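In what follows, a structure is listed as structure tokens, so that the remarks can point back to it.
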Amino acid sequence: MKTIVISDCDHDSVDIEKRILNQKDINFRLEQCASEDDVIEKCRDADVIINQYVPITRKVMENIPKLKMVIRYGVGVDNVDVDSATDLGIQICNVPDYGTNEVADHALALMLALTRKIVIMNNYTKNVKWDYVRAIPVRRISSLTVGVIGLGRIGLNFAGKAKALGCRIIGYDPFYKKTKQNEFVTQVTMDEILENSDVISIHCPLENNENLINRKSFKKMKNTSFIINAARGGIINEEDLKEAIENKEIAGAALDCLENEGREANRDLLKYENVIVTPHMAWYSEEASHDLERKVAEESLKFVRGEKISYPVNHLKKVL
């Protein structure tokens, strides 16, 4: 009998996972681990760990003798030591396609809120007076050049939606391959993105992109431009962003993710009226949440039954 354990999860229920994994040959349960030691203690018998936030380190994997797979609730695997997993013959999986539309929609909403100054004018109208002049200047959306950093599933989805509004789309991605479906994106260098964009939207992974947008980047941007990060905290250097906002080197920013989130978030960024912050919610809709829960369970089931998996992060010679 194979054992599948959820190491930690903040969802309201795991009913979808239970329904899929309620099999005679599977022992399935939910734990709520908060540390490496918790995982080692509570998941010691696991063949598969379904993971959300708690770190899955080499120490964890070396101390769970039957462990052969870890699958994350989500796209990023920042909290999983993938290299060590590969060394130890442990398959790592994610779910990269459950919230593609949601993240793209959220980034588009943030772009419109920034460029139309929705948040600023909502607060001004409620708390000061009724006067559109406070919003000046606002640009016509279809006149904007939108730069997209990262042209994977989400980046191209966002780019298509911005294109539908009449925007000119330029993009940067070292792994980008042009097709008939995405030929509306003009591929440019990173410097050209920074120098020419009215709006920059980030859709790349954190790996190899830490502090990608920094003091030097902001100095290359137009002082009328906006930047959006609905990817991962840490891609934008937050201290450098504060400096750029203070010095009016850019017109504003919208962040769905921060380097440290929750109570440890960079509270200084919240004081600027031209910085919008949402609580890492771009992925979320009821439909996306259910898709995520279903897909982690289905992927786990495929794996323990020796079937072809859909979302490998690392590639092993042999598993199970």
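We use all heavy atoms of the structure for the numbers below, so side chains are in, but hydrogens, waters and symmetry mates are not. Worth saying up front: this structure is predicted, and the values here are computed from it rather than measured.
- Sorted by first and then second residue, the pairs that involve residues 96-115 and meet side chain to side chain donor-acceptor pair (under 3.5 Å), not counting sequence neighbours, are D97-K295, D97-Y311, N101-N157, N101-K161, E102-S285, D105-K161, H106-T278.
- The aromatic rings of H11 and Y73 stand perpendicular to each other, their planes meeting at an angle above 60°, with 30° marking the opposite boundary.
- Taking the side chain to side chain contact (heavy atoms under 4.5 Å, CB included) definition, one finds that Q187 meets it with Y176, sequence neighbours left out.
- Every residue two or more places apart in sequence or in another chain that forms a salt bridge (charged side-chain N to carboxylate O under 4.0 Å, His left out) with D198 is listed here: R139, K222.
- Looking at residues two or more places apart in sequence or on another chain, you find no salt bridge (charged side-chain N to carboxylate O under 4.0 Å, His left out) involving E36.
- Checking S217 against N214 by side-chain atom types alone, a donor-acceptor pair falls below 3.5 Å.
- Taking R232 as the reference, D78 meet the side chain to side chain donor-acceptor pair (under 3.5 Å) condition, with sequence neighbours excluded.
- Between the CD1 atom in I90 and the CE atom in M61 there is a gap of 5.5 Å [rounded to 0.5 Å].
- A search for salt bridge (charged side-chain N to carboxylate O under 4.0 Å, His left out) contacts involving K18 returns nothing, not counting sequence neighbours.
- The backbone N or O of C33 lies less than 3.5 Å from no partner atom in the side chain of D8, so there is not a single donor-acceptor pair.
- Checked against salt bridge (charged side-chain N to carboxylate O under 4.0 Å, His left out), E299 has no partners two or more places apart in sequence or in another chain.
- Counting only distance, with no hydrogens or angles, the side chain of D256 and the backbone of A230 share no donor-acceptor pair below 3.5 Å.
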Residues 118-128, side-chain donor-acceptor partners within the protein, below 3.5 Å, at least two apart:
unit_1	atom_1	unit_2	atom_2	d
N123	ND2	V119	O	3.4
T125	OG1	M121	O	2.6
N127	ND2	N123	O	3.0

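- Each salt bridge (charged side-chain N to carboxylate O under 4.0 Å, His left out) pair with one or both residues in residues 164-181, not counting sequence neighbours, would appear here, but there are none.
- Among residues two or more places apart in sequence or in another chain, the side chain to side chain donor-acceptor pair (under 3.5 Å) test is passed with R19 by none.
- Under a 3.5 Å cut-off, the side chain of N209 and the backbone N or O of L212 do not form any donor-acceptor pair.
- Scanning for side chain to side chain donor-acceptor pair (under 3.5 Å) contacts around S310 gives K302, with sequence neighbours left out.
- By the side chain to side chain donor-acceptor pair (under 3.5 Å) test, Q181 pairs with T179, sequence neighbours left out.
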